[in-house]
There are 2 protein chains.
Amino acid sequence: MNIGDVARLSGLPAKTIRYYEEIGLISPMRDQNGYRRFRDSDMHRLAFLGRARSLGFSIEDCRGLLELYGDRQRASADVKQIARGHLARIDEKLAELTAMRQTLAHLVSCCAGDSRPDCPILDDLAGNFPAGSGDDSTENERPGTVS
Amino acid sequence: MNIGDVARLSGLPAKTIRYYEEIGLISPMRDQNGYRRFRDSDMHRLAFLGRARSLGFSIEDCRGLLELYGDRQRASADVKQIARGHLARIDEKLAELTAMRQTLAHLVSCCAGDSRPDCPILDDLAGNFPAGSGDDSTENERPGTVS
DNA sequence: ATAAGGCTTCCATCTACTGGAAGGTCAAGA
DNA sequence: TCTTGACCTTCCAGTAGATGGAAGCCTTAT
């Protein structure tokens, strides 16, 4: 199979497949004309990569997972460790995004969004807190930056 | 104020402040020795930037927000539009991460994580679905890749 | 013969910084 | 006065994970 067929079958762009070869994730053979020739095993690795990437694993995680995938002597604990690390990163990201979302949604809901210049969103970004806008108690705590 | 002071006060690394100047977000003056000299207005812009970035606004969003910030004739609708666009992106990202998290957490919970090679995580990544592992009904739908 | 489409490599670009090298500046101390 | 150390400067490279495009070869059909 040539790269175009593999791209169609795997759903990965040809560019990406070449990139994966460049960084050593796959090693297809070459025909005499220089074209890459993909065997079933290459397709399997690419499918594996596509799936792992769609779950958000980093390229380096993928490299490790592929190695374990091809190792009959592997311990599932090693796989699980990679997956758990990734899960932890996802949870961090989720917490960060959720906090952002909350603040942002509040600001958006406070903004009239008309032709007048008054804007609580800009006020907040500029560090002005023009008297609690609806909710009582804690007077606008400002979340800190997260990595 | 020199860049070091501004960095301490704003919480932004000096490198980042130089970068923001390079891409035209701020334009501090220069002393005769070539050192950047920051006025209060520069500090305000940097604080604004730090806050906007911590809410996840892109640099280009920040550029637009800063422009509106400095425009007395602005319409709050323009600010709100940027914020809403950003909110929508956050929601997309949240949905994507939540889906990943769910699949991943399930796989992790299925994996023994011991010294044996059998691993449902690898099986899934490889496209093998070894008989529904606990839940009935829909026999493992595989989520597609999201941008 | 030539045109279309597929393939190749190489280089640049994207986001938002970050790290480091080489070197100028300034204030304090011996 | 010299030196030391903390600042500051610019410039270049690198990060993750591709993606876009140019220039050019290969193959097949017309």
Side-chain angles (χ1 to χ4, degrees), chain A residues 1-38 42 46 48-66 85-86 89-90 93 96-97 100 145-147, chain B residues 1-38 42 46 48-66 85-86 89-90 92-93 96 100 145-147:
Chain A
M1 278 195 298
N2 284 343
I3 199 168
D5 309 309
V6 176
R8 268 180 293 279
L9 285 174
S10 70
L12 296 169
K15 277 275 187 192
T16 300
I17 297 171
R18 291 194 194 97
Y19 173 66
Y20 286 171
E21 183 191 21
E22 187 189 330
I23 62 176
L25 291 180
I26 53 169
S27 302
M29 319 236 71
R30 295 290 181 139
D31 280 341
Q32 294 206 319
N33 57 14
Y35 287 19
R36 290 170 182 79
R37 189 160 50 79
F38 294 83
D42 297 311
L46 283 170
F48 185 103
L49 282 166
R51 170 76 173 149
R53 292 288 298 132
S54 83
L55 285 178
F57 283 103
S58 72
I59 289 288
E60 287 317 306
D61 278 349
C62 288
R63 198 186 299 281
L65 289 169
L66 271 178
H86 180 41
R89 275 183 309 249
I90 286 180
K93 201 77 190 161
E96 184 183 346
L97 283 175
M100 283 179 185
T145 308
V146 187
S147 71
Chain B
M1 278 197 298
N2 285 342
I3 201 169
D5 310 309
V6 176
R8 269 181 293 278
L9 285 174
S10 69
L12 296 169
K15 277 274 186 190
T16 300
I17 296 171
R18 291 195 193 96
Y19 173 66
Y20 286 169
E21 183 192 17
E22 188 188 329
I23 62 175
L25 292 179
I26 53 170
S27 302
M29 318 237 70
R30 296 290 180 137
D31 280 341
Q32 296 207 317
N33 57 14
Y35 287 19
R36 289 168 182 81
R37 189 159 50 78
F38 294 84
D42 296 312
L46 283 170
F48 186 102
L49 283 166
R51 171 76 173 150
R53 291 289 298 130
S54 83
L55 285 179
F57 282 104
S58 73
I59 288 288
E60 287 317 306
D61 278 349
C62 288
R63 198 186 299 280
L65 289 169
L66 271 177
H86 179 41
R89 268 168 297 170
I90 285 180
E92 272 179 42
K93 200 78 189 159
E96 184 183 347
M100 283 179 186
T145 306
V146 186
S147 71

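In what follows, chains carry the letters A, B, and so on, assigned in the order in which the sequence lines appear, proteins first and then strands, with residues in each chain numbered from 1. No experiment lies behind these values; they were computed from the predicted model shown.
Between the OH atom of B:Tyr35 and the C1' atom of C:dG24 there is a distance of 7 Å, given to the nearest Å. The distance from atom CG of A:Asp31 to atom C1' of C:dC7 is 11 Å, rounded to the nearest whole Å. Here the P atom of nucleotide C:dC10 and the CZ atom of A:Arg18 are 12 Å apart, to the nearest Å. A:Glu22 has its CD atom 13 Å from the C1' atom of C:dT8, to the nearest Å.
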Stepwise side chain to side chain contact (heavy atoms under 4.5 Å, CB included) test for A:Met29 and A:Arg36: CA-CA 6 Å; A:Met29 319 236 71; A:Arg36 290 170 182 79; over 6 Å; no
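Protein chain B contacts DNA chain D over a range whose 5' and 3' limits, counting nucleotides with an atom under 4.0 angstrom from a non-hydrogen atom, are D:dC7 to D:dC11.
To the nearest 0.5 Å, the span separating CD1 on A:Ile26 from CG on A:Leu46 amounts to 4.5 Å. Here the CE-CG distance, from B:Met1 to B:Leu9, works out to 5.5 Å after rounding to the nearest 0.5 Å. With rounding to the nearest 0.5 angstrom, the OG1 atom of B:Thr16 is 11.5 Å from the CG atom of B:Leu25. In this structure, the separation between CG on A:Leu49 and CG on A:Leu66 is 4.5 Å, given to the nearest 0.5 Å.
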Where protein sits on nucleotides 14-21 of chain C, one letter per nucleotide: B base, S sugar-phosphate only, - none, heavy atoms under 4.0 Å: --BBSBB-
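With respect to the salt-bridge test (charged N to carboxylate O, under 4.0 angstrom), the residues A:Arg18 and A:Glu21 do not qualify. Taking 4.0 Å as the cut-off between side-chain N and carboxylate O, B:Glu92 and B:Arg89 do not count as a salt-bridged pair.
Looking at heavy-atom distances under 4.0 Å, A:Ile3 makes contact with sugar-phosphate atoms alone, never a base. Across all strands shown, A:Arg30 has heavy atoms under 4.0 Å from sugar-phosphate atoms exclusively, and none from any base.
Under a 3.5 Å cut-off, the side chain of B:Asn33 and the backbone N or O of B:Tyr35 do form a donor-acceptor pair.
Using a 4.5 Å cut-off on side-chain heavy atoms (C-beta onward), B:Phe38 and B:Asp5 make no contact.
In this structure, A:Glu21 and B:Asn33 both approach DNA chain C, and ranking their closest nucleotides by distance from the 5' end singles out A:Glu21. Sequence order on DNA chain D of the closest nucleotides to B:Arg36 and B:Arg8 puts B:Arg8 first from the 5' end.
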